[in-house]
Amino acid sequence: FFGETDLYLWVIGRDGIRMTDLGPQAPILAAASRVYRALAHGADPPAADLAMLSRTLLGPASPLPAPVLRVAADGPLRYLPFELLADPARPPAPLIDRLSVVYLPSASMLSAPSAAQGTGARQPALDLAGFGDPVLRPAGVALSRTSQTSRTSPTSQTPRGFLLERFGLVQLPAAAGELAAVSRELGGRRRLWTGAAATEAAFRAAVIRGARVVHLATHTVIDERPGRGAAILLTPEGGDDGLLTPEEIARLDDRADLTVLAACRTAVNAEDAAAGGGALVSLTGAFLAAGSRGVVATLWDVDDAATAAFMAQLYDQLGRGDPPAEALRRAKLRLRADSRRNH
């Protein structure tokens with residue numbers, strides 16, 4: 001938790017609760033921001049910053065619980081992948097070699113009903129409900145990239161149009177192939193909605209019927225600038241604008257084991273992320289509030305080929321019966337061992 005000047009750590013374990021003042025927050029924030037900016041731009045994070053963050057954030061928390069470490073990070077630390085920090089029990093090996101790391105929007109999630117208890121448990125109608133490559137613009141309306149005129153296109157006069165123009169969002173034709181691939185890996189009962197069928201109404205209906213895994217292969221806008229927010233883009237239809245917001249998500253009755261936001265392009269830049277974290281938490285937290293037991297979301301842009309490779313590994317592990325957090329860890333370990341993908 002960020003206080004006025006210092007950063008505070010609480011460690012909650014079976015033996016009780018410990019609190020530690022980690023000291024001035026400014027150097028910690030600066031190091032975390034440099035790590036994120038490097039990763040967001042495809043570079044290796046500074047080794048000195050990783051070492052400092054490992055020593056400062058994890059050292060006082062030792063011994064860490066196993067096999068799952070739950071982290072409720074405050075502010076910009078929500079954009080720090082703790083898996084890359086050195087494991088205090090096995091330095092300099094990163095945490096991911098030994099632990100599954102799960103992120104909580106807040107520590108209050110620890111009091112939520114467990115998956116075993118459930119609330120209103122029911123058999124889901126589908127093993128996979130997939131949505132992807134929604135229609136972004138009406139036929140005949142193209143993206144305008146000119147800055148030489150003050151005229152606005154018809155689409156830019158709406159909140160959805162503003163997002164399309166502001167972030168230069170384009171169609172995602174590879175998303176349909178991604179959905180087909182993850183569908184094959186997971187198996188079971190599945191249904192996919194793409195193009196004009198990928199509407200908010202279809203999404204609401206699918207969630208109400210129930211699905212073990214909900215996969216969204218579409219643009220996810222996470223804008224950490226003051227006064228902005230987050231939204232998932234679907235196809236507009238009827239009275240729906242095609243923007244699935246955290247407020248709309250939180251009102252759903254969602255009993256998915258896992259919601260995957262496989263955004264091929266998440267509209268958050270390194271500078272905004274380094275100073276925020278609220279928009280990311282509002283989106284992922286909305287799915288948890290609605291009842292989803294877990295959410296996978298992206299922290300920076302990755303190309304279509306890397307996304308497809310990652311999702312294939314993730315769903316292969318899910319298909320083997322791994323819990324989502326462990327499936328995610330094993331997928332990351334596989335790619336780290338692949339010289340073509342380890343960056």
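Note: hydrogens, waters and symmetry copies are ignored here, and every other heavy atom, side chains too, is used.
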D240 and T199: side chain to side chain contact (heavy atoms under 4.5 Å, CB included), yes or no, with the steps?
CA-CA 8 Å; D240 292 326; T199 63; 5.9 Å; no
Under 3.5 Å: donor-acceptor pair, side chain of [X], backbone of [Y]:
X	Y	value
Q171	P134	yes
R98	D87	no
Q25	G3	yes

So if you build clusters from Ile, Leu, Val, Met, Phe, Trp, Tyr with side-chain heavy-atom gaps below 4.5 Å, do [X] and [Y] land together?
X	Y	value
I12	L58	yes
L22	F2	yes
L85	Y79	yes
V296	Y103	no
L288	V281	no

Quick one: which of D316, V213, L314 gives a side chain to side chain contact (heavy atoms under 4.5 Å, CB included) with L186?
V213
[X] side, atom [atom1]; [Y] side, atom [atom2] - distance, nearest 0.5 Å:
X	Y	atom1	atom2	answer
L179	L216	CG	CG	9.0 Å
D6	D21	CG	CG	4.0 Å
L9	D74	CG	CG	12.0 Å
L172	H219	CG	NE2	3.5 Å
I232	L283	CD1	CG	5.0 Å
L258	S292	CG	OG	6.5 Å

Is [Y] paired with [X] through a side-chain N to carboxylate O contact shorter than 4.0 Å?
X	Y	result
D127	R190	no
R330	E326	yes
D49	R37	no
R320	D322	no

Does F287 have any ring pair (Phe, Tyr, Trp, His ring centres under 6.0 Å) partners at least two apart in sequence or in another chain, and if so, which?
none
In terms of ring plane angle, is the pair F131 and W193 parallel, tilted or perpendicular, where the classes change at 30° and 60°?
parallel
Side chain to side chain contact (heavy atoms under 4.5 Å, CB included) between T298 and T307: does it pass, once the steps are laid out?
CA-CA 10 Å; T298 59; T307 299; over 6 Å; no
Result for salt bridge (Lys or Arg N to Asp or Glu O under 4.0 Å) between D97 and one of R329, R90, R336 points to R336
